[in-house]
Amino acid sequence: MVENERLRQEMRRCEAELQELRAKLAAPCAGCEHSQESAQLRARLAQLQLEVAENKSMLSELNLEVQQKTDRLAEVELRLKDCLAEKAQEEERLSRRLRDSHETIASLRAQSPPIKYVIKTVEVESSKTKQALNESQTRNQHLQEQVAMQRQVLKEMEQQLQSSHQLTAQLRAQIAMYEAELERAHGQMLEEMQSLEEDKNRAIEEAFARAQVEMKAVHENLAGVRTNLLTLQPALRTLTNDYNGLKRQVRGFPLLLQEALKGVKAEIGQAIEEVNSNNQELLRKYRRELQLRKKCHNELVRLKGNIRVIARVRPVTKEDGDGPEASNAVTFDPDDDSVIHLLHKGKPVSFELDKVFSPRASQQDVFQEVQALITSCIDGFNVCIFAYGQTGAGKTYTMEGTPENPGINQRALQLLFSEVQEKASDWEFTITVSAAEIYNEALRDLLGQEPQEKLEIRLCPDGSGQLYVPGLTEFRVQSVDDINKVFEFGHTNRTTEFTNLNEHSSRSHALLIVTVRGVDCSTGLRTTGKLNLVDLAGSERVGKSGAEGSRLREAQHINKSLSALGDVIAALRSRQGHVPFRNSKLTYLLQDSLSGDSKTLMVVQVSPVEKNTSETLYSLKFAERVRSVELGPGARRAELGSWSSQEHLEWEPACQTPPGSTRAHSAPGSGPSSRPGSIRRRLQPSA
């Protein structure tokens, strides 16, 4: 510690000398051309200071190491003392036990001859004597066992004593090793301190000699600089005169510059206004051309009979969770509402459909896009609207909605009622509704008395080639209340279950069949239009949905039917001669809507979150394939009634008397149903 203090004092003295040298170097050389050499000297000085600091840190580390080893030695000595004390206690305890054992053995040896003597002398005594003899033998055996036990304990104690001697020898060897290591470390520390002190002295001497040489060179340079300054004074006077002349000339320059800037700003502003007006005009023309192109495209699609495809993106909900997997991966084109962009695995993918609705779109916005298609049902066209997408993407919400915000199904019937009322003076319309579901490849009637009963799909016996479902319940609706009752009754019978992806996941394909039959009271023209509103069950991955047991079987049937729908779309797109409609009940029931005489629209529901991008990509690709299918122009189903007396008499009451309110048919054109009961009474219109 004394040596360290002496080194610190010498280091402070060297630093003071270096500060004095630095002050001497900085004072006379301010502003001279040899400042670079002075900077190099300062850098060298800083380097020497860094080396001194490093030497200090090494010295402190060595002191710390010596302190640690001293502490370790003290700890080892304490442990050795404790071990020696424990050893002494153990030796004392073993010696006491040994003495006790010897005393016990001596007493037992002293008692054994009389016992042997008694054994020899009482062999012919009575039974009591024999009993006493046995007891004595038992005691003798017990004492012999105790003697053997004491000998075993004595042997163990001797082994423990030997092990303690060995432990003591090991501890002494460790202490000797630690002392040798401490001496070696102390020697190394002394050698390093001596070498550090020599290096420090050498560096200080070198720096002092170098500083003296450089100081001499600086003084010589300073003399040369002073000489140069004396010669530069006339040139400085000349430059000052020139500067004053230029300053007088430039005084009027700001005014000229301001006038020039004002002119340039005015020209730039005028040019910007012209460019903005041109851009606005071009943007207006572009949007007008875009609308015209879309209108022409829609007309071309209608003439070709293509399946129209619109996409709707649901908003991100709290059920999607937090983190990067719940981030939004779907973006939209602000200038074109038919383009959607998807970020899949870091790569953007774009799709062009007929219309794309963002999460901000309302139910009314979606319905406005499809209402023209729905009203053509009144004119005798077959119309099919079906929702497609993965489970939890919002298909049921778009088709059915909520009581406060209804979907396409209820809005379509309300629109049909309003159109029928407008044409009530010339036409007599009858609107009937049927509801069915395809659950596990079984067709079931949602409005029937036995919803679990399986139905079959048949060809009409009239030779028209149309399909019908024998036994499917058909109700006539005349008001919005009738619609609400039908929807409520059908919704209670539909199969929904909880999965990991959707709390109310639809486990079946739901079909709402609306038939509009009209008669022109003036000409007798009869029209029949059918509106199929289909809510497909969502495609799902079993690993994500966590389906097990019956849920797994439902998911397998759903994926199989959707795969069959994809096969049908692929066959229609490639114009194959055979289209596999009968591979699934779903495609067989949609055969009329996909076979060429129907107007068909698909609503593809899309989830925007990152974790569902694979399913979203598959849905949008399928939508593009569906959009390219050409079914041909839709055919109107209308026939002109005969004016013979019999048919006229049959038709005339149809225009005067309202038809029945509830009907179940086994074939098109059959009479009223005999199904009675609570269902008909429940759905019977109040009027």
Side-chain angles (χ1 to χ4, degrees), residues 302 370-385 409-434 460-466 468 472-486 512-533 592-593 597-599 633-673 680 683-687:
R302 187 186 67 80
V370 302
Q371 65 179 2
L373 199 65
I374 293 172
T375 54
S376 63
C377 175
I378 299 177
D379 299 329
F381 290 94
N382 285 346
V383 179
C384 177
I385 300 175
N409 294 358
Q410 191 166 352
R411 292 176 187 267
L413 286 171
Q414 292 176 359
L415 177 64
L416 291 178
F417 279 129
S418 63
E419 293 291 330
V420 166
Q421 290 176 1
E422 291 180 0
K423 297 182 179 181
S425 59
D426 299 326
W427 286 79
E428 180 70 29
F429 287 101
T430 302
I431 301 177
T432 57
V433 176
S434 300
C460 289
D462 57 2
S464 62
Q466 298 291 322
Y468 77 103
L472 183 63
T473 304
E474 187 178 61
F475 286 101
R476 178 180 176 183
V477 290
Q478 294 180 334
S479 65
V480 178
D481 293 335
D482 297 344
I483 298 172
N484 295 332
K485 292 177 181 178
V486 169
L512 180 67
I513 305 171
V514 182
T515 305
V516 182
R517 298 180 178 88
V519 179
D520 190 344
C521 297
S522 60
T523 62
L525 181 66
R526 297 174 182 271
T527 61
T528 302
K530 185 181 291 185
L531 174 61
N532 293 325
L533 301 172
D592 292 344
S593 302
D597 58 350
S598 172
K599 296 182 179 181
R636 184 184 184 191
R637 298 178 61 191
E639 58 183 8
L640 187 61
S642 174
W643 286 98
S644 63
S645 59
Q646 182 178 0
E647 293 186 0
H648 183 65
L649 289 175
E650 290 177 355
W651 166 78
E652 189 173 3
C655 296
Q656 298 173 358
T657 305
S661 60
T662 306
R663 180 161 93 78
H665 61 281
S666 60
S670 64
S673 171
R680 280 212 302 268
L683 299 177
Q684 183 73 23
S686 59

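It should be emphasised that the depicted structure is a prediction, and the values quoted were computed from it without experimental measurement. Computation of the quantities below employed the complete heavy-atom set of this structure, encompassing side-chain atoms and omitting hydrogens, waters and symmetry-equivalent molecules.
C377 and V516 make their closest contact through SG-CG2, 3.8 Å (heavy atoms, listed as atom of the first residue, atom of the second, distance). For G380 against T527, the heavy-atom pair with the smallest separation is CA-CB, 4.1 Å.
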Show every donor-acceptor pair shorter than 3.5 Å between a side-chain atom in residues 412-420 and any protein atom, with sequence neighbours excluded, or say none if there are none.
from : atom 1 : to   : atom 2 : distance (Å)
S418 : OG     : L415 : O      : 2.6

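Rounding to the nearest 0.5 Å gives a distance of 8.5 Å between CG of D520 and CZ of F429. Between the NZ atom of K599 and the CD1 atom of I374 there is a distance of 12.0 Å, given to the nearest 0.5 Å.
Contact of the W427 side chain with the I378 side chain is not registered, since no non-hydrogen atoms from C-beta on lie closer than 4.5 Å.
At least one donor-acceptor pair under 3.5 Å links the side chain of S434 to the backbone N or O of T473.
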Side chain to side chain contact (heavy atoms under 4.5 Å, CB included) between I431 and V514, worked out: CA-CA 7 Å; I431 301 177; V514 182; 3.9 Å; yes

